[in-house]
Amino acid sequence: REARIAQTKREFVQWGKAISDSRPGQPPVNVHFSVITFSQVEDPDARKRYNSLPNANLAVSDVDDLRVLAGRLLKQSREYNAFLAAIRAR
């Protein structure tokens, strides 16, 4: 899994570089890559629950729970916070 994540990050960085290279004189595209997974859920029971959710046909309450979880995990993400800081600096 780690190798796939690293490869995906490399591809996104290359994509950003290709866009930057195709737009001379324009500000470069900065890629911010954050990995968010259920393994970051500290509570073992909650982590088990999220990992057992189906990939399709989620209940509305499960979708709501996942949206809240995503927000919480993003707030804990160093990469995401660096992205927000970069945007605020502009």
Side-chain angles (χ1 to χ4, degrees):
R1 179 177 86 117
E2 299 295 325
R4 286 190 311 228
I5 291 170
Q7 177 62 33
T8 301
K9 182 176 182 177
R10 280 191 301 274
E11 290 174 7
F12 270 95
V13 169
Q14 289 172 350
W15 170 74
K17 184 177 178 335
I19 291 174
S20 293
D21 291 347
S22 72
R23 305 177 332 151
Q26 297 293 318
V29 172
N30 296 313
V31 175
H32 297 267
F33 188 86
S34 185
V35 177
I36 303 297
T37 69
F38 293 146
S39 64
Q40 295 165 317
V41 176
E42 293 182 12
D43 180 283
D45 292 331
R47 184 172 48 251
K48 182 178 180 180
R49 176 181 169 260
Y50 289 121
N51 277 314
S52 68
L53 289 174
N55 291 328
N57 301 318
L58 288 166
V60 171
S61 61
D62 290 333
V63 172
D64 292 340
D65 290 348
L66 288 168
R67 292 179 69 200
V68 169
L69 174 64
R72 198 168 68 233
L73 292 176
L74 278 173
K75 286 179 184 177
Q76 297 171 6
S77 168
R78 180 178 44 216
E79 297 87 356
Y80 181 69
N81 284 299
F83 165 70
L84 292 178
I87 288 175
R88 289 182 189 119
R90 290 185 166 218

Quiz item: Do any N or O atoms from the side chain of Gln26 and from the backbone of Ile19 form a donor-acceptor pair under 3.5 angstrom?
Solution: no
Self-check item: Partner residues of Lys17 under the salt bridge (Lys or Arg N to Asp or Glu O under 4.0 Å) criterion, sequence neighbours left out
Solution: Asp21
Practice problem: Mark yes or no for whether Arg23, through its side chain, and Pro27, through its backbone, hold a donor-acceptor pair below 3.5 Å. | Solution: yes
Self-check item: Summary of salt bridge (Lys or Arg N to Asp or Glu O under 4.0 Å) pairs that have at least one residue in residues 50-64, sequence neighbours excluded
Solution: Arg49-Asp62
Quiz prompt | Ala46: side chain to side chain contact (heavy atoms under 4.5 Å, CB included) partners, not counting sequence neighbours | solution = Val41, Asp43, Tyr50
Practice problem: Quick one: closest heavy-atom pair of Gly16 and Val31, and the distance? | Solution: CA-CG2, 3.8 Å
Self-check item: Hphob cluster co-occupancy, Ile5 + Phe38, side-chain heavy atoms under 4.5 angstrom
Solution: no
Exercise. Can you measure from NZ (Lys9) to OG (Ser34) and round to the nearest 0.5 angstrom?
Key: 9.5 Å
Exercise. Report yes or no: do Phe83 and Leu74 belong to one cluster of Ile/Leu/Val/Met/Phe/Trp/Tyr joined by side chain heavy-atom distances under 4.5 Å?
Key: yes
Self-check item: Closest contact, heavy atoms only, Thr37 versus Gln40
Solution: N-OE1, 2.8 Å
Quiz item: In the hydrophobic cluster built from side-chain contacts under 4.5 Å, what are the other members alongside Val68?
Solution: none
Quiz item: Side-chain heavy atoms under 4.5 angstrom apart, residues restricted to Ile, Leu, Val, Met, Phe, Trp, Tyr: same cluster for Leu66 and Tyr80?
Solution: yes
Exercise. Output all residues satisfying side chain to side chain donor-acceptor pair (under 3.5 Å) with Gln76, sequence neighbours left out; order by chain, then residue number.
Key: none
Quiz item: When rounded to the nearest 0.5 angstrom, what distance separates OG in Ser20 from CG in Asn30?
Solution: 7.0 Å
Practice problem: Consider only side-chain heavy atoms of I, L, V, M, F, W and Y, link residues closer than 4.5 Å, and tell whether Phe33 and Leu84 are in one cluster. | Solution: no
Quiz item: Can you name the nearest heavy-atom pair linking Arg47 to Glu42, along with the distance?
Solution: NH1-O, 3.5 Å
Self-check item: Closest heavy-atom pair and its distance - His32, Glu79
Solution: ND1-O, 4.4 Å
Quiz item: Mind checking what makes side chain to side chain contact (heavy atoms under 4.5 Å, CB included) contact with Glu11, not counting sequence neighbours?
Solution: Gln7
